[in-house]
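In what follows, a structure is listed as structure tokens, so that the remarks can point back to it.
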Amino acid sequence: MSWESSAEYYRLLNEETRRRLGGHHCARSLLLTVDFAEIEAMQRAGDWTGAGRALAEAARTLERAGADMVLLCTNTMHRVADVVEAEIGVPFVHIIDATADRIVAAGITTVGLLATRYTMEMDFYRERMRARGVEVIVPGADDRTLVHDIIYRELTLNRIEDVSRRTYRRIISDLADRGAQAVILGCTEITLLVGPGDSPVPVFDSTRIHVEHAVDLALSPASAARPVPGGPAS
């Protein structure tokens, strides 16, 4: 939900569109940035109902403005994805489904998860993965705290620290030692800190996967039936 990961989405969306279409093509897109301070306060208070209402209204605003599909650029707030999806009439591109499909296609059945404490500890993420045949392993309690605090105290404030990268590398290695065949970067800011070179097992970057899946959908024949100059709308 931070602008740091929103900027990463915007960059990846346009790079992927140009890679596929060439030339001067970019993604015809609408970006609605919510005030992360308000959402973060709702998270801490456990007010998922209020957060769901706020994000559903944001999604409705995008649809009214002409979006052909909606992306919620955060893993944690997919806790309220059903609320958002129910309020719009255009496709909702689900980050967990896109990531799970990529994992299944790779023949992987057990993954480690790095994410916010909410995503690692609540059921919404692992249950949706399990429905696709993927089991999720999370770090131990102390390491979950470290992962979470680095996200909220550093990454969402545009701080990239080498010591935190080393901490994530250790935790990823621990997950691999416990049987994880791959690791999900399950918070959209984590890609700012670590990547494939930081892991002994394959890495699934949910941010990039989400974007690539959205571009797949936007450039599909069904979408091509609705002419949109300049590439995909989101």
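Scope of the values below: all heavy atoms of this structure, side chains included, with no hydrogens, waters or symmetry mates.
Ion pairing of R20 with E15 is absent here, as no side-chain N (NZ or NE/NH1/NH2) approaches a carboxylate O to less than 4.0 Å. With respect to the salt-bridge test (charged N to carboxylate O, under 4.0 angstrom), the residues E16 and R18 do not qualify.
Side chains of E189 and S5: a donor-acceptor N/O pair is present below 3.5 angstrom, by distance only. Side-chain contact, T119 with N75: no donor N or O sits under 3.5 Å from an acceptor N or O.
Judged purely by atom type and a 3.5 angstrom limit, E135 has no side-chain atom pairing as donor or acceptor with the backbone of T110. At least one donor-acceptor pair closer than 3.5 Å links the side chain of T207 to the backbone N or O of T188. The main-chain N or O of I39 is never found under 3.5 Å from a side-chain atom of R44 such that the two would form a donor-acceptor pair. The main-chain N or O of L192 is never found under 3.5 Å from a side-chain atom of E8 such that the two would form a donor-acceptor pair. Remark: the backbone N or O of V147 is paired with a side-chain donor or acceptor of Y168 at under 3.5 angstrom. Checking side-chain atoms of S199 against main-chain N and O of G195 turns up no donor-acceptor pair under 3.5 Å. The backbone N or O of L193 lies less than 3.5 Å from a partner atom in the side chain of R165, making a donor-acceptor pair. Between the side chain of R178 and the backbone N or O of V138, at least one donor-acceptor pair lies under 3.5 Å. Listed for the T156 side chain is a donor-acceptor partner under 3.5 Å among the backbone atoms of I151.
Taking a 6.0 Å sphere around CG of D177, one finds it holds more than 12 heavy atoms contributed by other residues, nucleotides or ligands.
Aromatic ring centroids of H210 and Y9 lie under 6.0 Å apart. Ring centroid separation for the pair Y118 and H78 does not come in under the 6.0 Å cut-off. Ring-centre distance between Y10 and W3: not below the 6.0 Å cut-off.
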